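Just so it is clear, the structure is predicted and the values come from calculations on it, not from any experiment.
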Amino acid sequence: MGRRLRVLDAGLGDGAQALRLARAGHEVTGLESDPARLAAVEAALRDEPEGIRARFRALSGGGQDTGAHFLPGTFDVVLGHDVLDRTRDPDSTLAGLARVLDARGLLSLVLPNVAARAMRPGLSGDWAGAHAALVTEPAESDRFLRLETLTSFLARIGVPMERWYGVGVFAAHDTATGAEALDVEERACRMDPYRGVARSLHLFGVRG
């Protein structure tokens with residue numbers, strides 16, 4: 001990224017990701033619906049140099065509220081990490097995220113891999129949990145979060161998926177330590193069939 005980008009982080013969380021982008025020189029806007037988290041981000045921002053504070057703003061709201069805050073085409077990059085599985089209307093939320101992308105803008109989504117929910121309990125020996133995951137009828141929101149459904153939906157709203165990866169094939173992101181472990185995870189998350197059974201999925205779409 002050789003230029004200053006306009007970035008929306010729809011779901012700030014602790015703000016670490018958004019602050020890294022602001023420190024890298026980008027103009028960052030964050031949405032967070034949890035008042036306590038929003039206050040914590042704002043407190044952390046006060047400790048940053050003036051230049052970074054000038055490039056960062058945090059607003060109250062979630063991924064479903066983009067229409068209330070922004071015009072179409074406002075951002076070059078939109079991050080919706082761990083957002084779609086926490087909203088009542090993932091389809092309208094995703095459409096709202098796509099709406100504020102400028103031409104050739106990048107949409108980055110991270111979501112649980114609902115198609116492989118039996119993997120983690122099964123690998124840990126939790127047979128009851130694995131059985132429940134295998135036989136339970138998926139909720140409507142789970143059906144929407146499946147890779148094939150999202151691929152089709154992104155194409156319909158003009159942000160076709162360009163590529164996708166697995167996240168956490170062999171280990172959670174915070175337990176894979178050391179160069180060898182990280183290398184194995186990086187390779188597996190890009191390869192079939194391993195990426196298809198990862199804990200989470202990371203999807204990238206580009207505004208046509």
Output yes when a side-chain donor or acceptor of [X] lies under 3.5 Å from a complementary backbone atom of [Y], and no otherwise.
X	Y	answer
Asp126	Gly129	yes
Arg207	Asp102	no
Arg53	Leu45	no
Arg163	Phe204	no

Are Arg195 and Tyr165 in a cation-pi setup, meaning NZ or CZ lies under 6.0 angstrom from the ring centre and within 45 degrees of the ring axis?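 Cation-pi check for Arg195 and Tyr165: fails.
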Could you tell me whether the side chain of [Y] reaches within less than 4.5 Å of the side chain of [X], counting heavy atoms only?
X	Y	result
Arg117	Thr136	no
Leu106	Leu5	no
His81	Ser108	yes
Asp85	Val114	no
Thr29	Phe70	yes
Glu137	Arg143	yes
Asn113	Arg199	no

Start with the C-alpha distance between Leu21 and Leu79, add both sets of side-chain angles, then the distance that settles side-chain contact (heavy atoms from CB on, under 4.5 Å), and finish with yes or no. CA-CA 11 Å; Leu21 290 167; Leu79 309 177; 3.8 Å; yes
Cluster overlap [X] with [Y], hydrophobic side-chain contacts below 4.5 Å:
X	Y	value
Val169	Met119	no
Leu101	Val28	no
Ile157	Leu84	yes
Val197	Leu203	no
Leu147	Val167	no

For [X] and [Y], work out which heavy atoms get closest and say how close.
X	Y	result
Val83	Ala10	CG2-O, 2.7 Å
Glu32	Leu12	OE1-N, 3.3 Å
Ile52	Arg23	CD1-CG, 3.4 Å
Val100	Leu97	CG2-O, 3.3 Å
Thr66	Leu8	CG2-CD2, 4.0 Å
Ala44	Leu19	CB-CD1, 4.4 Å

How far does [atom1] of [X] sit from [atom2] of [Y], to the nearest 0.5 angstrom?
X	Y	atom1	atom2	answer
Asp76	Glu27	CG	CD	9.0 Å
Asp91	Leu145	CG	CG	10.0 Å
Met191	Glu186	CE	CD	12.0 Å
Leu38	Leu31	CG	CG	9.5 Å
His26	Phe56	NE2	CZ	13.5 Å
Leu201	Cys189	CG	SG	10.0 Å

Crowded around [X] [atom1]? As in, over 12 foreign heavy atoms under 6.0 Å?
X	atom1	answer
Arg88	CZ	no
His69	NE2	yes
Glu148	CD	yes

Taking the six-membered ring for Trp, are Tyr194 and Phe170 parallel (under 30°), tilted (30 to 60°) or perpendicular (over 60°)? tilted
Take Leu94 and Val159 through the side-chain contact (heavy atoms from CB on, under 4.5 Å) test and state the conclusion after the steps. CA-CA 10 Å; Leu94 182 50; Val159 190; over 6 Å; no
Do the side chains of Glu42 and Arg46 get close enough for a salt bridge, i.e. N-O under 4.0 angstrom? no
Would you call Asp142-Arg146 a salt bridge at under 4.0 Å N-O? no
Could you walk me through whether Arg104 and Val206 satisfy the side-chain contact (heavy atoms from CB on, under 4.5 Å) test, starting with their C-alpha distance in whole Å, then the side-chain angles of each, then the deciding distance to 0.1 Å, before giving a yes or no? CA-CA 6 Å; Arg104 302 303 300 165; Val206 175; 3.5 Å; yes
Please determine whether side-chain contact (heavy atoms from CB on, under 4.5 Å) holds for the pair Phe144 and Leu150, giving the CA-CA distance in whole Å, both sets of side-chain angles, and the decisive distance to 0.1 Å. CA-CA 7 Å; Phe144 181 81; Leu150 286 170; 3.7 Å; yes
